[in-house]
Amino acid sequence: LNLRKMARWIVAALVATMTGIVIAKPFPGCSGGTLVGCPGTQNCSQHWITQNIDHFNWENPLPKHKSTFRQRYFVYDAFWSQPKTGPKGPVFFYFGNEDNVELYVNHTGLMWESAQEFGALLVFAEHRYYGKSMPFKDGTDGCMNWLTSEQAMADFAYLIDSIRQNMGADQSPFIGFGGSYGGMLGAWFRVHYPNAIDGVIAASAPIWSFSGLNPAYDYNAFDKGVTFDASYQGGSIDACKDNLKNVWPQIIAAAQDPNKRADLQAAFMTCDPVEENDGQAIVDWASAPWGTLAMGNYPFESSYLMHGLATLPAWPVRTACSILGNPDDMFVAVRQAVSIYYNVSLDVSCYNLSSVQQRAGPEHRRFMTSAVGGPLTSEHTRGGDSCEGSWGYQWCTEMVQPFTSGTADDMFYCPPNVNCSDWDLKSQAQACMDEWGVSPRPEWARVVLGGKRIQDATNIVFSNGGQDPWHGGGVLKSLSDSVVAVNIPNGAHHIDLMFTDPGDAQYADILAARNLERTHMQAWVKEASERYVKAAH
């Protein structure tokens, strides 16, 4: 590790933060949390590229079915430097996540706010099986087999090559961006396709949240991270996490008492009368939103984790926790706390617990929110006739991220006579077989994607927020002078990729992270440009 070089970069970022030299603000009316006045899909042109469904075989993937599909991507070129002579400006390329790419077009402010300064072309690529990039129609037997990170990365490689060949960008530096799973893909892409991308900003990318790693991943890290946000140390109050830990068995006990069920129904506003065995369902329902609130624990109100359909308040965990300090009725207080998630519209008259996916199961709470918000219902997570992308399927194949919940170190419930420190892969594998007809390969990320042996990679910035419960599976220490970790104590889920907002202006760590990333981006562009010039001579 070149500590002197690292120190120069850090000093440069801090100086930029204090002087405003690096920060570009071409959209001064933009409020990052609500997206009011911000650019997005309305400013872009929509494009399509024909991709092979199976990049790694030559026969049709399914008999009597097509072998290709149309992948969607968005382009914004108003800032792209296109001189009459010499190379065009750099290309900023977003690695699409497990959702409609429009969400990322509209929220990835770091790309938009840096484009003018760099003279960059913006490209946002959609992940296969999501949004409108669908390889198969619903009802096609065996349609999910090609929903893999390897196939997705091959799509991105072909798209980048197409842009180079067809848009005159053959000598343009390509800088990649991705958050969460998109950041994981971006980092792995840089490792596996260094010829295609010159550097990657991998934000909140938990590439080390898998089993079999050395040092080992803490399977309880996510729930510990949520609990941290609900503590005094995380900016809330310790009474919040303590009261939640204590209230779960009280809810179970109240449901088992015939004299308390009516009060329990009233407290939690359930649509149906509470039955003897409903206590666990209420606990699951009241536990589920906390992961989303923690991931979205931004210092400004934001619609990102709610998929643009609703807006969470600034510091949502702290807002929810403020209700749980010393309430007159703890049951009512718990319901009021999670209502900032379940009842953002303020028009819910009762809660139908059976309609909400519970937090148990293979995808746990990580894709209760799918990294974009909103409880996933059975139609989004189960197999059947659907050929749409699902994180449930991806978890059940190669993205096998282990979780434990209800330990002594987190605020969640552990049923009696259960070892909540033990990850039960066997039962979760059976659930995968029941749902999808597939068996998880927990070693895949370690063996095929690189695991922790990525120290020989170059030009990757891994950013992680201290408020984001995913940081426990991220790269928190720099591996070299070009594989760099940026830790953001006041940051939640890839806040650094988002548009600047008045709410984050007072947090120097957030601003410094974006500036440090721009410093690396500048270095990567310079390095690639010099390489192209040298090759031309």
Side-chain angles (χ1 to χ4, degrees), residues 180-181 183-184 187-188 202-231 233-234 236 238 241-242 244-245 287-288 290-295 297 317 359-369 371 391 395 398-415 418-429 440-447 449-455 462-479 485-489 491-494:
S180 194
Y181 170 55
M184 297 163 75
W188 289 327
S204 296
I207 64 167
W208 289 350
S209 58
F210 297 93
S211 62
L213 301 179
N214 185 21
Y217 173 56
D218 179 0
Y219 299 169
N220 197 214
F222 186 92
D223 278 6
K224 284 180 179 177
V226 177
T227 303
F228 171 83
D229 284 9
S231 72
Q233 189 178 6
S236 297
D238 283 338
K241 64 178 181 63
D242 294 340
L244 285 171
K245 189 72 172 182
S287 301
W290 291 96
T292 301
L293 299 181
M295 290 168 65
N297 207 27
V317 174
R359 62 192 292 270
E363 50 276 6
H364 193 268
R365 195 163 40 255
R366 179 192 191 319
F367 284 93
M368 160 75 183
T369 61
W391 189 259
W395 193 101
E398 58 179 6
M399 297 290 111
V400 190
Q401 295 167 304
F403 292 91
T404 58
S405 185
T407 73
D409 296 319
D410 68 53
M411 65 186 192
F412 297 102
Y413 179 62
C414 183
V418 174
N419 181 4
C420 286
S421 297
D422 180 43
W423 177 45
D424 187 2
L425 174 60
K426 183 178 180 179
S427 66
Q428 294 186 348
R441 297 181 183 177
E443 76 287 347
W444 191 264
R446 181 182 78 250
V447 175
L449 297 174
K452 288 197 171 184
R453 296 180 180 273
I454 60 169
Q455 64 272 15
F462 289 102
S463 63
N464 284 281
Q467 296 284 325
D468 180 14
W470 280 112
H471 75 265
V475 180
L476 302 180
K477 294 182 179 180
S478 297
L479 305 182
V486 177
N487 297 317
I488 313 169
H493 206 47
H494 53 79

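None of these values were measured; they are calculated from a predicted model.
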Do [X] and [Y] come within less than 4.5 Å of each other through their side chains, counting heavy atoms only?
X    : Y    : answer
K245 : D410 : yes
P442 : L425 : yes
V400 : W444 : no
M399 : F210 : yes
I454 : L479 : yes

Determine, using ring centers only, whether W208 and Y217 are less than 6.0 Å apart.
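No, they do not, as the ring centres are separated by 6.0 Å or more.
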Pair W391 and Y181, ring centroids less than 6.0 Å apart:
yes
Rounded distance (nearest 0.5 Å) linking atom [atom1] of [X] with atom [atom2] of [Y]:
X    : Y    : atom1 : atom2 : result
C420 : F412 : SG    : CZ    : 12.0 Å
T227 : W290 : OG1   : CH2   : 10.0 Å
M184 : L449 : CE    : CG    : 8.0 Å
L213 : R446 : CG    : CZ    : 7.0 Å
N419 : C414 : CG    : SG    : 7.5 Å

Would you sort out whether Q467 and F228 count as a side-chain contact (heavy atoms from CB on, under 4.5 Å), showing the intermediate values?
CA-CA 8 Å; Q467 296 284 325; F228 171 83; 4.2 Å; yes
Set out, in order, the CA-CA distance, both residues' side-chain angles and the distance that settles side-chain contact (heavy atoms from CB on, under 4.5 Å) for Y413 and S405, then state yes or no.
CA-CA 7 Å; Y413 179 62; S405 185; over 6 Å; no
The test is side chain to side chain donor-acceptor pair (under 3.5 Å); show your working for S180 and H493 and say whether it passes.
CA-CA 8 Å; S180 194; H493 206 47; 3.0 Å; yes
With a 3.5 Å distance limit and no angle check, can you tell me whether [X] reaches the backbone of [Y] through a side-chain donor-acceptor pair?
X    : Y    : value
S478 : A485 : yes
S204 : N464 : no
D468 : W470 : yes
K452 : P215 : yes
D409 : N220 : no

Are there more than 12 heavy atoms of other residues, nucleotides or ligands under 6.0 Å from atom CD of E443?
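Above 12, so yes.
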Take atom CZ of R441 as the centre, draw a 6.0 Å sphere, and report whether it contains more than 12 heavy atoms from other residues, nucleotides or ligands.
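No.
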From the options M411, K241, M295, select the one residue that forms a side chain to side chain contact (heavy atoms under 4.5 Å, CB included) with V226.
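For V226, the side chain to side chain contact (heavy atoms under 4.5 Å, CB included) test succeeds with only one of M411, K241, M295, which is M411.
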side-chain contact (heavy atoms from CB on, under 4.5 Å) between T404 and D422: does it pass, once the steps are laid out?
CA-CA 6 Å; T404 58; D422 180 43; 5.9 Å; no
Check the angle between the aromatic planes of F403 and F222 and answer parallel, tilted or perpendicular using the 30° and 60° thresholds.
perpendicular
Chi angles and distances behind the side-chain contact (heavy atoms from CB on, under 4.5 Å) call for I207, W188
CA-CA 9 Å; I207 64 167; W188 289 327; 4.2 Å; yes
If every non-hydrogen atom of G472 is compared with every non-hydrogen atom of A221, which pair is closest and at what distance?
CA-CB, 4.1 Å
Is there a side chain to side chain donor-acceptor pair (under 3.5 Å) between W395 and Q428 once you walk through the steps?
CA-CA 10 Å; W395 193 101; Q428 294 186 348; 5.7 Å; no
